[in-house]
Each structure stands twice: as structure tokens, then as C-alpha cells.
Amino acid sequence: MVITALALAGWVMAASAPGPGGDAPSPPLPDTLPLSGRAVIERLTFPPLVFEPPVALEYEVGGVRVYHLHDPALPLVDLFVQLRGGVGHFPRREMAPITALPSLVRTGGTRELAPDSVDLRLDLLAAQLSVGSGGGGSFATLNALTTTFDESLALFREILLEPGFDREAVEVWRGQELERVRRREDDPGGLAYSEFNRLLFGDHPVGWVTTESDLAPELFTDERLRELHSRLFCRERIQIGVSGDLTWAEVEPRIRSFLAEWPSCSAPLPDPVHPQLREGPGVYILDKEVEQTTIILAQPGGLRQEDSEEYFASRIANHLLGASGFSSRLMTRIRSERGLAYGASSIWTTPARWEGLVGAVTSTRSDRTVETLSLILEILNDFRAAPPPEAEVERALEEIAMGWVFAFESAAQIVARRMSYRAQELPDNWLERYLEGIGEVTPGAVHSVVRERLRPAEMTILLVGDARQFGPGLEAFGPVYRMHPDGRIEPWERDPHPLRR
């Protein structure tokens, strides 16, 4: 029991007051007073906290992998459909229609229902439905009340397997994309990222930039869309996840019925092409009359997402360098100490199928471009020079570990993540293994991976900004080139005026 200061004062006054006879002294105060305030809190003890994360169970229904996690907390059911295969499996000519396919499946109605009728039925069922793409494939999600799940599931199946590809919806999508193409240069940050991808990845889906010719009407005929749909929305490419207020005994017959309508794929897909990343130093300038310069620099990092000491050490290295926000080295020195930028972060990607990139990104005032770029390279070289202090590594480990519990906030999140791991050919317990792996990282391991993989002298550098204000000194970072928005590259000309043509 916590005794407040006021209660303790009252107890002391009562103990020292005269007795009933008026003159008799009160009993003396005890030698040790009851604990109060902070002392009580500091002596509290608790049993050790043991967190047992829920696990989505794996089943097979009709040859299709299905994940399930029962969660009766709310009368809701979440259904996930993941489909392997996307832009990376097709030639450049098919990029735009394949990109459009998920959106048109959702917004183009069905063979029997117009688009507005689909939306009306979803509203009446109080169901949410989305179709999109990412991670080398497509996905579709359904969230519905338990009481209307069967009706919602039937509509979900109809939308996915019997799309209407309404012509007005197709033209709306094309029009939106054409407008994005025409306004592409209005967003310097987005322009910088897309141009850097094109620079590093070249003729690969990651490096492709949509043009008006990619959106020609003849690429979006009903026949073409249905042919692509038959190759991607089919049984051999699907896996399913279910979470919420249905037990497996209740889920299994519904999924079996849902899958019965799914056809086999009309044709196999070729393996995706691995990129040939650009290597070697160079400064590429995309001249644009803006107040700030967007700076992106990176080189192939040589690492993939895998269960290895080097991979886990790279995650801590990335955290220390620029992924941890204000406490990172890039932010501390570029923003806090020098005031050269509002934000700065590191790049250290680790795809599952090919090596990623390592580098940095920031934006700064045009006339301080060379100064900021010099400081970034100095920070990278300093990072290579010595192992990080043990306290810095321990802080990074603690920050990552403290966020681990947020990976289990909902049953839907747990099921979706396990499906994602399987799609990337990672082990089902990858999250647990990831936490174990980074927990074993030492300062020496961080230093080793940084010295091996981070090579500032070999960085490809892209500057999107007002070239007239950069000033001298760019030649110190490598050969200097001028980029055009259409991807053409020419040697840099000292006279800035040709850059405006």
C-alpha cells in the first residue's frame, strides 16, 4: 500500500496527540516509518515477461497453400489472396497493361455487374476489398463481417475471376497515367529516384520509366487484358491467408468452394531477369531550375536477404549510418552539426533474389551541393575507418528489439507476413530468426561488412538540381555527365547554358 505524504503527516500528528486523559503521552513513533512514494515503487517486483507470439497455421486445400489464424476478438474475417508473377516476367511492351491489371480488376466491374454496382454491393455488405501489386506479384484482400462473409466471398471471387474491364475504367486509368508521365518532372524528388533506378538498373523492370508510347490504346484491348489475366490470376500462382472470427473447420469448406472455380494458368511464366547493375564512379547531373538539389549516391552492395552473419551485420550498419533517424550518423553530422539539410538517410537494400544497393540520399540548397556531397563521402569513409563503439551497437540492437512486438499487433498482420515470407522463399520463422541474428552482431562484424561492402570511391552519384549554382569541384568525385529526362547521357559541358536546351 502506498502511503501519501499527507496521510503520513496525519498519522504522525495522531501519534503525538494527548491521550484521553489529556496529559498522558502518546505511544512513541516506531523507529522505521512505512515506505512511501518512490521507495515503494522501486521495491516492486514482477514475474518475468514471456511473450509467445501467435502463429498462423499452414494447410493445403486443393493443392493450394492456405494460412489460418483464428481470432474471435471481433466479428470480422480477413481474406488474403497472393498471386506470384508480375512485370518482371514479361517484356517491356507489357509493362503498362500488367501494371494496370490489378487496378482494372478492382475498378472495371465484372461480366455481370457494372463498376458502380460492384461498389454498391460492397457498401451494402459493409465489406472492404482491394486489389494491388507489389513484391513481384499481385494481391487482393477482403475484410468482411462474419455474418456477411459468404456473400462477400462470392462477390470477391466474381471480381477476381470474371473481371469486366469496363472501357471507361480502362480509359480513366490510361488518362491518369498519361497525366503522371506529362507531370513527371514537376516532382524533383520522385524524378530523382526514377532516374537513379534507370541509371543503376538500365533495361530492367526496376529501371523502366513509363512513357506515352507505353500507354498506347492498342496495348489495352479487352482481348489483351484477358490474355494477361489468364496467365496471372490462376490456380498455380495463388496462396491464401485467412484470419479472424472463423475456425479452421469453418474456413476449410469455404476456401475449398472458393478455389473450385479457379482455372489453371493458360501459359507458364519465364523466370524474372536479374539486373546488371551499373558499377564505377561517376557524377550524373539532371539539370532543373529548383531551389534544392536532390542527391542520391550508391553502388552495388553485394548482399541479399539471407540467413548469414554478414546480412545481419549490414542491418545494424544501415541502422547506425542513416536508417535510425535523428540518432544516425548522417543526420547528426549533416543536419544537427552542419545544418546542410533537413533530412538525410542511408540506402542499403537487400532483395531476396539479387544483390542490393548501398549509399545515401539527401536534399540541400543548390549552392551547397558540393559541400554536402563532400560531407556525405567523408561520413561514409569515417564509418569504414573503425568499428562502431559497443554502446552504439547495443543501442541499435535495443531499438530494433523493442519494435519487435509491434509485428504482432493483429492476426491479419501475422498471416500476411507469413505469406510474404513464403513468396520470397524465406523460412516461415524468418522474423524470429532475424531477431536472433541481429542480436548476435558485434562491433567487429559491423566493421567487417562495412569495409567489405561500402566503397565510397566507387559510388554512382546523381544530382537533380540547378547546375548553374553547383560551383566547382564535382570532378573530384569522378567523371561528370549530363543526363536528359529521356535517359540520354552526354559528357558534362562547363558552359551551363546548353543544359537548358
Side-chain angles (χ1 to χ4, degrees), residues 84-102 133-138 174 177-178 180-182 184-185 187 189-216 218-220 224 227-228 231-232 267-288 294 296-305 347-359 361 424 458-464 478-492:
R84 296 178 296 277
V87 172
H89 298 269
F90 291 83
R92 167 65 185 269
R93 182 175 174 80
E94 308 289 3
M95 175 185 67
I98 292 174
T99 302
L101 196 62
S133 60
S138 301
R174 285 187 59 252
E177 292 302 304
L178 284 168
R180 288 193 183 95
V181 169
R182 291 163 186 157
R184 178 171 171 262
E185 294 187 46
D187 175 14
L191 178 65
Y193 279 107
S194 65
E195 287 302 320
F196 193 78
N197 284 338
R198 173 155 61 179
L199 189 61
L200 266 290
F201 288 85
D203 188 18
H204 182 270
V206 177
W208 291 345
V209 175
T210 303
T211 65
E212 291 193 22
S213 62
D214 294 319
L215 300 167
E218 59 268 22
L219 298 175
F220 293 84
R224 189 65 190 127
E227 195 276 330
L228 293 172
R231 297 188 66 182
L232 294 173
L269 293 180
D271 293 332
V273 178
H274 285 213
Q276 298 295 318
L277 298 174
R278 180 186 293 271
E279 297 190 49
V283 180
Y284 298 82
I285 299 173
L286 183 56
D287 187 46
K288 191 169 182 60
T294 300
I296 305 178
L297 61 159
Q299 35 96 185
L303 287 176
R304 297 169 47 183
Q305 186 177 19
I347 302 169
W348 201 326
T349 62
T350 52
R353 294 182 176 86
W354 56 72
E355 67 172 326
L357 304 175
V358 57
V361 59
Q424 297 175 69
E458 299 178 22
M459 293 281 181
T460 297
I461 301 168
L462 174 66
L463 307 175
V464 178
V480 185
Y481 303 94
R482 174 160 61 102
M483 286 190 69
H484 294 270
D486 61 5
R488 289 180 296 120
I489 298 174
E490 298 175 348
W492 165 261

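The shown structure was predicted, so the numbers you read here are calculated from the model rather than taken from an experiment. All heavy atoms count here, side chains included; hydrogens, waters and symmetry mates do not.
Using a 4.5 Å cut-off on side-chain heavy atoms (C-beta onward), Glu94 and His89 make no contact. A 4.5 Å side-chain heavy-atom check between Thr294 and Ile296 finds at least one atom pair inside the cut-off. Proximity of Leu199 to Ile489: side-chain heavy atoms (C-beta onward) are separated by under 4.5 Å at one or more points. In this structure the side chain of Phe196 never reaches within 4.5 angstrom of the side chain of Val361, judged on heavy atoms. The closest side-chain heavy-atom distance from Glu490 to His484 is below 4.5 Å. Side-chain contact between Trp354 and Thr349 is absent, with no heavy-atom pair separated by less than 4.5 Å. In this structure, Leu232 and Arg84 have side chains that are not in contact, with every pair of non-hydrogen atoms separated by 4.5 Å or more. With contacts defined as side-chain heavy-atom distances shorter than 4.5 Å, the pair Gln299/Thr460 does not qualify.
Between Tyr284 and Tyr481, the two ring planes are parallel [angle under 30°; tilted spans 30° to 60°].
Side chain of His204 to backbone of His274: no donor-acceptor contact under 3.5 angstrom is found. Judged by distance alone, with hydrogens and angles left aside, the side-chain atoms of Arg482 form no donor-acceptor pair with the main-chain N or O of Pro491 at under 3.5 Å.
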Report task. Please test Met483 against Arg488 for side-chain contact (heavy atoms from CB on, under 4.5 Å), starting from the C-alpha separation and ending with a verdict. Result -> CA-CA 6 Å; Met483 286 190 69; Arg488 289 180 296 120; over 6 Å; no
Requested in this report: Test salt bridge (charged side-chain N to carboxylate O under 4.0 Å, His left out) on Arg174 and Glu177 and set out the steps.
Outcome: CA-CA 5 Å; Arg174 285 187 59 252; Glu177 292 302 304; over 6 Å; no
Report task. Take Thr350 and Glu355 through the side-chain contact (heavy atoms from CB on, under 4.5 Å) test and state the conclusion after the steps. Result -> CA-CA 6 Å; Thr350 52; Glu355 67 172 326; over 6 Å; no
Report task. Give the C-alpha distance, both sets of side-chain angles, the deciding distance and a yes or no for side-chain contact (heavy atoms from CB on, under 4.5 Å) between Glu212 and Val181. Result -> CA-CA 7 Å; Glu212 291 193 22; Val181 169; 4.0 Å; yes
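Taking all atoms of both residues into account, the shortest heavy-atom contact from Ala192 to Leu462 is O-CD2, 3.3 Å. When every heavy atom of Pro205 is checked against every heavy atom of Gly88, the shortest pair comes out as CG-CA, 3.7 Å. When all heavy atoms of Pro275 and Phe201 are compared, the pair lying nearest together is CB-CD2, 3.6 Å. Between Phe220 and Ala96, the shortest heavy-atom contact is CZ-CB, 3.7 Å. Shortest non-hydrogen contact noted between Pro479 and Pro281 is CD-O, 3.8 Å. Nearest heavy-atom pair across Ala267 and Arg231 is CB-NE, 3.7 Å.
Atom CE of Met459 sits about 9.5 Å away from atom CG of Leu357, to the nearest 0.5 Å. Between the CD atom of Glu185 and the CG atom of Leu286 there is a distance of 7.0 Å, given to the nearest 0.5 Å. Between atom CG of residue Leu297 and atom CD1 of residue Ile347 there is a gap of 7.0 Å, rounded to the nearest 0.5 Å. Annotation: the span from Leu219 atom CG to Asp214 atom CG amounts to 8.0 Å, rounded to 0.5 Å. Atom CG of residue Leu228 and atom CZ of residue Arg224 lie 4.0 Å apart, to the nearest 0.5 angstrom. Taken from CD in Gln424 to CZ in Arg353, the straight-line distance is 7.5 Å, to the nearest 0.5 Å.
Around the CD atom of Gln276, the shell of radius 6.0 Å holds no more than 12 heavy atoms that belong to other residues, nucleotides or ligands.
There is no side-chain donor-acceptor pair under 3.5 Å between Arg184 and Thr210. Side chain to side chain, Asp203 and Trp208 meet the donor-acceptor criterion of an N or O pair below 3.5 Å.
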